[in-house]
Amino acid sequence: QVQLVESGGGLVQAGGSLRLSCAAAGRTVSSYSMGWFRQAPGKEREFVAAISRSGGSTSYAYAVKGRFTISRDNAKNTVYLQMNTLKPDDTAVYYCNTGAWRGSYVSGDYWGQGTQVTVSS
C-alpha cells in the first residue's frame, strides 16, 4: 500500500511558475517509476510527465515539453514537477501516480488526491 500526497498547487498568472511535490508514505518511491497526470474540467485525465525509478529516463507530453521538468529525490521519498511558462490551458487538477517503465511509462494502481493548478490569463 502506498499513500501519495500532492502539494504545491495554486493560482498563478500566465507565464508564471509552480513546483508540485508528491510525497509518498507506506513504501519508498524508489520502488516505482512515477508519473504526473492532470484532469481539466469536462476532460479526461491525461498524461503529463514520468520518470523512471533511477531518474535516468523521463518522458513528457508534447504540450508541456520544454516547459515542465519532472525530478525525484528518493532520499526524501518525493517526486517533483517544476512547471514554468504556465498557460491557461495548464489549468487542471494534477495527480501523481506510481507505475512502471516498460520502454515508456505505464500507470499503476496508486494515485494521490490531486492538487489544483489554476493559471489566469
Side-chain angles (χ1 to χ4, degrees):
Q1 191 80 9
V2 179
Q3 294 81 44
L4 302 173
V5 179
E6 301 95 336
S7 61
L11 173 63
V12 64
Q13 288 189 328
S17 298
L18 285 172
R19 188 176 81 154
L20 306 183
S21 299
C22 173
R27 285 192 68 178
T28 60
V29 293
S30 60
S31 300
Y32 301 98
S33 294
M34 298 292 295
W36 284 96
F37 291 73
R38 67 186 182 187
Q39 187 166 19
K43 295 186 177 181
E44 293 187 355
R45 190 172 296 188
E46 64 177 4
F47 170 78
V48 175
I51 188 166
S52 62
R53 288 174 56 185
S54 67
S57 296
T58 57
S59 176
Y60 296 92
Y62 178 81
V64 307
K65 193 172 291 186
R67 299 188 297 121
F68 290 11
T69 303
I70 189 170
S71 62
R72 64 191 302 156
D73 186 335
N74 287 340
K76 294 183 178 180
N77 229 21
T78 302
V79 177
Y80 304 97
L81 185 68
Q82 177 67 44
M83 306 187 296
N84 298 328
T85 320
L86 283 161
K87 305 176 181 180
D89 284 349
D90 295 319
T91 295
V93 178
Y94 284 71
Y95 301 89
C96 65
N97 169 258
T98 59
W101 202 276
R102 301 195 179 107
S104 61
Y105 184 74
V106 178
S107 62
D109 295 332
Y110 299 112
W111 296 87
Q113 84 290 347
T115 185
Q116 176 72 47
V117 172
T118 303
V119 184
S120 63
S121 58

**Q** Report the C-alpha separation of Trp36 and Met83 in whole Å, then their side-chain angles, then the decisive distance to 0.1 Å, and conclude whether the side chain to side chain contact (heavy atoms under 4.5 Å, CB included) test is met.
**A** CA-CA 12 Å; Trp36 284 96; Met83 306 187 296; over 6 Å; no
**Q** Measure across Gln116 and Val93 and return the closest heavy-atom pair with its distance rounded to 0.1 Å.
**A** OE1-CG2, 3.2 Å
**Q** Considering all heavy atoms of both residues, which atom of Thr115 and which atom of Gly9 are nearest to each other, and what is their separation?
**A** OG1-N, 3.2 Å
**Q** Parallel under 30°, tilted from 30 to 60°, perpendicular over 60°: which one fits the rings of Tyr94 and Phe68?
**A** tilted
**Q** How would you list, by chain and number, every residue that makes a side chain to side chain donor-acceptor pair (under 3.5 Å) with Gln39, sequence neighbours excluded?
**A** none
**Q** Please check: side-chain N/O of Asn97 versus main-chain N/O of Gly108, any donor-acceptor pairing under 3.5 Å?
**A** yes
**Q** Can you check side chain to side chain contact (heavy atoms under 4.5 Å, CB included) on Tyr110 and Gln3, steps first, answer last?
**A** CA-CA 7 Å; Tyr110 299 112; Gln3 294 81 44; over 6 Å; no
**Q** Please check if Met34 and Val2 belong to a single hydrophobic cluster, counting links between Ile, Leu, Val, Met, Phe, Trp and Tyr side chain heavy atoms closer than 4.5 Å.
**A** yes
**Q** Within this structure, what is the CG-CZ distance for the pair Asn84 and Arg19, rounded to the nearest 0.5 Å?
**A** 11.5 Å
**Q** Where do Glu6 and Tyr95 come nearest, in terms of heavy atoms and distance?
**A** OE2-CA, 3.2 Å
**Q** At their closest point, which heavy atom of Tyr105 faces which heavy atom of Gly99, and how far apart are they?
**A** OH-N, 3.1 Å
**Q** Please check if Phe37 and Leu4 belong to a single hydrophobic cluster, counting links between Ile, Leu, Val, Met, Phe, Trp and Tyr side chain heavy atoms closer than 4.5 Å.
**A** no
**Q** Write out all pairs satisfying side-chain hydrogen bond (donor to acceptor under 3.5 Å, both in side chains) with one or both partners inside residues 51-61, taking only residues at least two apart or from two chains.
**A** none
**Q** List the residues meeting side chain to side chain contact (heavy atoms under 4.5 Å, CB included) with Ala63, not counting sequence neighbours, and say none if there are none.
**A** Arg38
**Q** For Ser21 versus Thr78, what's the shortest heavy-atom pair and its separation?
**A** CB-CG2, 4.2 Å
**Q** Would you say Tyr80 and Ile51 are hydrophobically clustered, going by side-chain heavy atoms of ILVMFWY under 4.5 Å?
**A** no
**Q** Which side-chain hydrogen bond (donor to acceptor under 3.5 Å, both in side chains) pairs, counting each pair once, include a residue from residues 66-76, with sequence neighbours left out?
**A** Arg67-Asp90, Arg72-Asn74
**Q** Between Val79 and Ile70, which heavy-atom pair has the shortest distance, and what is it?
**A** CG1-CG1, 4.1 Å
**Q** With sequence neighbours left out, what residues match Ser30 under side chain to side chain donor-acceptor pair (under 3.5 Å)?
**A** Thr28
**Q** Looking at residues at least two apart in the chain, or sitting in another chain, which of them share a side chain to side chain contact (heavy atoms under 4.5 Å, CB included) with Val12?
**A** Leu18, Leu86, Val119
